[in-house]
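For reference, the structure is listed below as structure tokens.
From a predicted model like this one, the values you see are computed outputs, not experimental measurements. Just so it is clear: chains get the letters A, B, ... in the order the sequence lines come, proteins before strands, and each one is counted from 1.
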Amino acid sequence: MMNDKKDFFHRVYEVTRLIPRGRVTSYGAIARYLGDPRAARMVGWALNQSTCLPGFVPAHRVVNREGLLTGKHHFGYAETMKQLLEQEGVVVNHDRVVDFKRIFWDPETME
DNA sequence: GTTATGACTGCGA
DNA sequence: TTCGCAGCCATAA
């Protein structure tokens with residue numbers, strides 16, 4: 001169905017909203033949770049659109065697998081993503097999430 | 001209509 | 001170990 005495509009974006013937002021405060025996850029983890037590990041790029045694209053959506057989508061809690069803030073440039077100002085994360089207690093250094101493995105949140109296990 | 005690109009990831013050399 | 005390439009799918013030109 002063509003609604004499946006829409007659902008993909010919708011589910012990205014849903015999962016992203018489930019990310020606990022002070023935790024982060026990766027595009028690949030979300031994509032894998034949605035059933036398409038290779039569709040990580042679509043996750044990023046969906047989050048790009050999410051910045052213009054009504055309601056709060058913590059897209060700043062989604063980084064790449066290395067913990068790098070690759071999407072910071074899409075928040076209007078490059079520092080916005082970092083500041084949002086630090087506001088939640090996530091330490092960011094040189095566009096990289098410190099202790100990424102530790103605060104990583106897996107959508108599949110939700111822990 | 002086709003081509004190029006993108007907030008990525010995994011695997012092979 | 002690091003480096004390069006293919007695959008994923010939607011949007012833009």
Note to self: To check you understand the geometry: which heavy-atom pair defines the closest contact between I19(A) and V62(A), and what is its length?
What the structure shows: CD1-CG2, 3.8 Å
Every protein N/O within reach of nucleotides 1-5 of chain C N/O, cut-off under 3.5 Å:
none

Notebook entry, point to check: Within a strict 4.5 Å, meaning less than it, do heavy atoms of the M42(A) and F8(A) side chains meet?
Noted result: yes
Checklist line | Taking every non-hydrogen atom, the tightest pair across M81(A) and F75(A) | finding: SD-CE1, 3.6 Å
Next item on the list: Check each residue of residues 65-72 of chain A for a non-hydrogen atom within less than 4.0 Å of any atom in DNA chain B, then write out the ones that pass by number, or none.
Entry: R65(A), T70(A), G71(A)
Notebook entry, point to check: Do you know which two heavy atoms are closest between T25(A) and W105(A), and how far apart they sit?
Noted result: OG1-O, 2.8 Å
Margin query: With a strict under 4.0 Å distance from non-hydrogen atoms of chain A, what nucleotide opens and what nucleotide closes the contacted stretch of DNA chain B, reading 5' to 3'?
Written below: dG6(B) to dG10(B)
Next item on the list: Please round to the nearest 0.5 Å and tell me the distance separating atom CG of L68(A) and atom CG of N64(A).
Entry: 4.5 Å
Check: With sugar-phosphate meaning primed atoms plus P, OP1 and OP2, does T16(A) contact a base, only sugar-phosphate, or nothing at under 4.0 Å between heavy atoms?
Finding: nothing
Margin query: Using the side-chain contact (heavy atoms from CB on, under 4.5 Å) criterion, which residues pair with R17(A)? Sequence neighbours excluded.
Written below: Y13(A), E14(A), V57(A), P58(A)
Next item on the list: Tell me which residues in residues 74-104 of chain A put a heavy atom below 4.0 Å from DNA chain B, sorted by number, or none.
Entry: H74(A), F75(A)
Note to self: Give the residues of residues 30-48 of chain A touching DNA chain C, defined as any heavy atom closer than 4.0 Å, sorted by residue number.
What the structure shows: R38(A), R41(A), M42(A), W45(A)
Notebook entry, point to check: Which residue pairs pass the salt bridge (Lys or Arg N to Asp or Glu O under 4.0 Å) test when at least one of the two sits in residues 41-62 of chain A, sequence neighbours left out?
Noted result: R61(A)-E88(A)
Notebook entry, point to check: Going by an N to O cut-off under 4.0 Å, is there a salt bridge joining K72(A) and D95(A)?
Noted result: yes
Listing, residues 28-37 of chain A side-chain donor-acceptor contacts under 3.5 Å, not counting sequence neighbours, or none:
{"unit_1": "R32(A)", "atom_1": "NE", "unit_2": "E108(A)", "atom_2": "OE1", "d": "3.4"}
{"unit_1": "R32(A)", "atom_1": "NH1", "unit_2": "E108(A)", "atom_2": "OE1", "d": "3.2"}
{"unit_1": "R32(A)", "atom_1": "NH2", "unit_2": "E108(A)", "atom_2": "OE1", "d": "2.9"}

Atom pairs and distances, side-chain donor-acceptor, residues 43-51 of chain A, under 3.5 Å, sequence neighbours left out:
{"unit_1": "S50(A)", "atom_1": "OG", "unit_2": "L47(A)", "atom_2": "O", "d": "2.4"}
{"unit_1": "T51(A)", "atom_1": "OG1", "unit_2": "N48(A)", "atom_2": "O", "d": "2.7"}

Check: Under the side-chain contact (heavy atoms from CB on, under 4.5 Å) test, which residues partner Q83(A), sequence neighbours left out?
Finding: E79(A)
Check: R23(A) and V90(A): which non-hydrogen atoms are nearest, and at how many Å?
Finding: N-CG2, 4.4 Å
Notebook entry, point to check: Do M110(A) and L18(A) have side-chain heavy atoms sitting under 4.5 Å apart?
Noted result: yes
Next item on the list: Determine the Euclidean distance between corresponding C1' atoms of dA7(B) and dC3(C); express it in Å to zero decimal places.
Entry: 23 Å
Checklist line | Fellow cluster residues of F56(A), listed by chain then number, with links counted only when side-chain atoms sit under 4.5 Å apart | finding: none
Next item on the list: Supply the members, apart from V91(A), of the Ile/Leu/Val/Met/Phe/Trp/Tyr cluster built from side-chain contacts under 4.5 Å; use none for a lone residue.
Entry: V98(A)
